[in-house]
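Working notes for the structure below.
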Amino acid sequence: MKKFIIAGNWKMNTSLKEASNIANTLNELDNTQLSNEIIICPPFLWLEPIKKIISSEKIHIGSQNCYYQPNGAYTGEISISMLEELGIEYSIIGHSERRQLFYEDDELINKKLQALLKSKVKPILCIGETLEERQQNKTFEIVTTQIKKAFANINISDLDKITIAYEPIWAIGTGVSATKEQAQEVHLFIRNFLNQFYNSSAQNIKILYGGSLNDKNAEELLNMPDIDGGLIGGASLKIDSFIKIIQIAENISLG
């Protein structure tokens with residue numbers, strides 16, 4: 001049985017009421033019929049109230065970012081120990097919006113990954129190429145570089161704690177998803193690269209697809225052999241669409 005991770009990244013969206021409505025609706029899912037892992041990543045301000053609402057043991061809470069220092073004069077940042085105190089289980093790092101809009105580089109992402117692997121919070125590491133890089137046939141080069149730099153000085157025995165999300169930047173929030181063949185090609189390349197350079201230590205790393213994944217294309221994408229789930233943006237804010245994606249993943253798992 002193939003196991004998926006279905007993760008929703010709410011980004012800088014939702015009022016507390018809207019976030020609470022999504023969480024309450026997810027609570028209504030029948031736990032006995034869920035075999036896959038569901039993660040929701042609300043804005044920082046809503047982490048604690050949403051954590052209190054979620055009662056289903058199959059639904060996990062993640063943050064959209066974190067900082068690698070445990071404390072200090074880092075105005076506006078959130079430490080991993082703060083996330084741990086709230087019982088937050090995952091943190092997204094390296095999202096293309098953090099890389100592009102906030103100028104986070106591979107070295108900073110590596111520091112965050114190292115810090116997360118010393119904590120109870122599991123990292124979801126985002127990688128992916130721009131449209132220009134894809135047009136220049138640099139996709140494999142870009143994702144290889146991003147993985148190598150993120151994994152620098154990482155203990156090989158910790159690799160099974162990492163989830164990778166391949167997010168082609170040209171497909172994020174554009175409504176234009178990679179075709180199932182394009183997504184599968186890159187996922188297979190990433191898996192083969194991990195197996196080649198990190199051997200069996202990387203065999204349990206799940207590779208999610210992100211980039212305008214929705215309830216219309218989820219079935220064909222999740223049926224690809226090397227796609228282990230989705231990191232979902234806009235569709236995770238539409239509760240009916242998000243539940244449909246969860247149900248599609250369940251059907252594939254049980255099928």
Side-chain angles (χ1 to χ4, degrees), residues 1-11 13-14 16 18-66 78-95 112-113 115-126 158-167 204-210 213 218 222 227-239 241-250 252-253:
M1 177 190 292
K2 187 173 182 179
K3 293 284 189 179
F4 292 105
I5 293 176
I6 303 299
N9 176 15
W10 296 358
K11 305 188 180 182
N13 293 298
T14 70
L16 180 55
E18 291 167 338
S20 299
N21 287 340
I22 294 173
N24 281 313
T25 305
L26 288 173
N27 270 339
E28 296 172 5
L29 293 172
D30 186 346
N31 267 356
T32 63
Q33 296 181 7
L34 290 177
S35 58
N36 295 308
E37 191 168 2
I38 302 166
I39 305 168
I40 52 174
C41 301
F44 278 126
L45 279 175
W46 307 155
L47 286 175
E48 184 173 18
I50 296 305
K51 175 71 175 173
K52 289 178 178 177
I53 290 173
I54 292 295
S55 58
S56 171
E57 62 184 19
K58 298 294 181 69
I59 301 171
H60 309 272
I61 311 294
S63 72
Q64 298 176 21
N65 191 27
C66 64
I78 304 293
S79 73
I80 296 167
S81 61
M82 292 174 182
L83 298 177
E84 287 182 307
E85 188 170 343
L86 286 183
I88 304 305
E89 298 173 77
Y90 287 89
S91 181
I92 298 170
I93 57 171
H95 193 281
K112 292 183 180 186
L113 184 57
L116 282 166
L117 291 174
K118 295 173 183 175
S119 76
K120 296 177 182 177
V121 182
K122 291 176 276 192
I124 299 174
L125 170 67
C126 298
D158 286 332
L159 292 187
D160 61 357
K161 301 175 186 175
I162 301 170
T163 298
I164 289 177
Y166 167 61
E167 295 197 308
N204 293 324
I205 293 181
K206 287 193 174 294
I207 309 171
L208 314 183
Y209 172 74
L213 191 152
L222 295 178
I227 296 179
D228 299 320
L231 180 58
I232 300 150
S236 69
L237 295 166
K238 302 170 184 175
I239 189 59
S241 295
F242 194 50
I243 288 177
K244 283 181 184 178
I245 296 169
I246 291 169
Q247 291 170 338
I248 288 168
E250 291 296 323
I252 295 172
S253 290

If you look only at distance, which donor and acceptor atoms sit under 3.5 Å apart when one is on a side chain in residues 43-52 and the other is two or more places apart or in another chain?
residue : atom : partner : partner atom : Å
Trp46   : NE1  : Thr14   : O            : 3.1
Trp46   : NE1  : Thr14   : OG1          : 3.2
Lys51   : NZ   : Gly87   : O            : 3.2

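The distance from the CD1 atom of Ile239 to the CD atom of Glu18 is 12.5 Å, given to the nearest 0.5 Å. Expressed to the nearest 0.5 Å, how far CD1 of Ile245 lies from CD1 of Ile38 amounts to 11.0 Å. In this structure, the separation between CE on Met82 and CD1 on Ile88 is 13.0 Å, given to the nearest 0.5 Å. Considering CD of Gln247 and CG of Leu29, their distance stands at 7.5 Å, rounded to 0.5 Å. Expressed to the nearest 0.5 Å, how far NZ of Lys120 lies from CG of Leu83 amounts to 13.0 Å. Taken to the nearest 0.5 Å, the CD1 atom of Ile124 stands 11.5 Å off from the CD1 atom of Ile164.
Annotation: side chain of Ile40 is in contact with side chain of Ile54 (closest heavy-atom distance under 4.5 Å). Using a 4.5 Å cut-off on side-chain heavy atoms (C-beta onward), Ile246 and Leu34 make contact. Using a 4.5 Å heavy-atom threshold, the side chains of Leu117 and Lys161 count as touching. Residues Leu116 and Ile80 are in side-chain contact: their nearest non-hydrogen atoms beyond the backbone lie under 4.5 Å apart. Side chains of Gln64 and Trp10 form a contact here, defined as non-hydrogen atoms less than 4.5 Å apart. Residues Cys41 and Tyr90 have side chains not in contact (no heavy-atom distance under 4.5 Å, counting atoms from C-beta outward). You'll find the side chain of Glu57 reaches within 4.5 Å of the side chain of Asn31, heavy atoms only. Under the 4.5 Å side-chain criterion, counting only non-hydrogen atoms from C-beta, Asn9 is not in contact with Ser236.
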Open item on the list: Set out, in order, the CA-CA distance, both residues' side-chain angles and the distance that settles side chain to side chain contact (heavy atoms under 4.5 Å, CB included) for Ile92 and Cys126, then state yes or no.
Closed with: CA-CA 7 Å; Ile92 298 170; Cys126 298; 3.7 Å; yes
Open item on the list: What verdict does the side chain to side chain contact (heavy atoms under 4.5 Å, CB included) test give for Asn24 and Ile53, after you've listed the backbone C-alpha separation in whole Å, the side-chain angles of each residue and the deciding distance to 0.1 Å?
Closed with: CA-CA 7 Å; Asn24 281 313; Ile53 290 173; 3.3 Å; yes
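Using cut-offs of 30° and 60° for the angle between ring planes, the Tyr166 and Tyr209 rings count as tilted.
The minimum heavy-atom distance linking Pro42 with Gly62 is given by the pair CD-O, 3.5 Å. Across all their heavy atoms, Phe242 and Ile39 have their closest contact at CZ-O, 4.2 Å. For the residue pair Ala218 and Leu213, the shortest heavy atom distance occurs at CB-CD2, 3.9 Å. Contact record, Thr163 with Ile5: OG1-CD1, 3.9 Å, taken as the closest heavy-atom pair. Taking every heavy atom of both residues into account, Phe4 and Gly229 meet most closely at CD2-N, 3.6 Å.
Between the side chain of Asn27 and the main chain of Ser55, a donor-acceptor pair closer than 3.5 Å is present. Remark: side-chain polar atoms of Lys112 are paired, donor with acceptor, to backbone N or O of Cys66 under 3.5 angstrom.
Just one of Lys3, Glu250, Lys2 meets the side chain to side chain donor-acceptor pair (under 3.5 Å) condition when paired with Asn36; it is Glu250.
Shown here is Lys244, whose NZ atom has no more than 12 heavy atoms of other residues, nucleotides or ligands within 6.0 Å.
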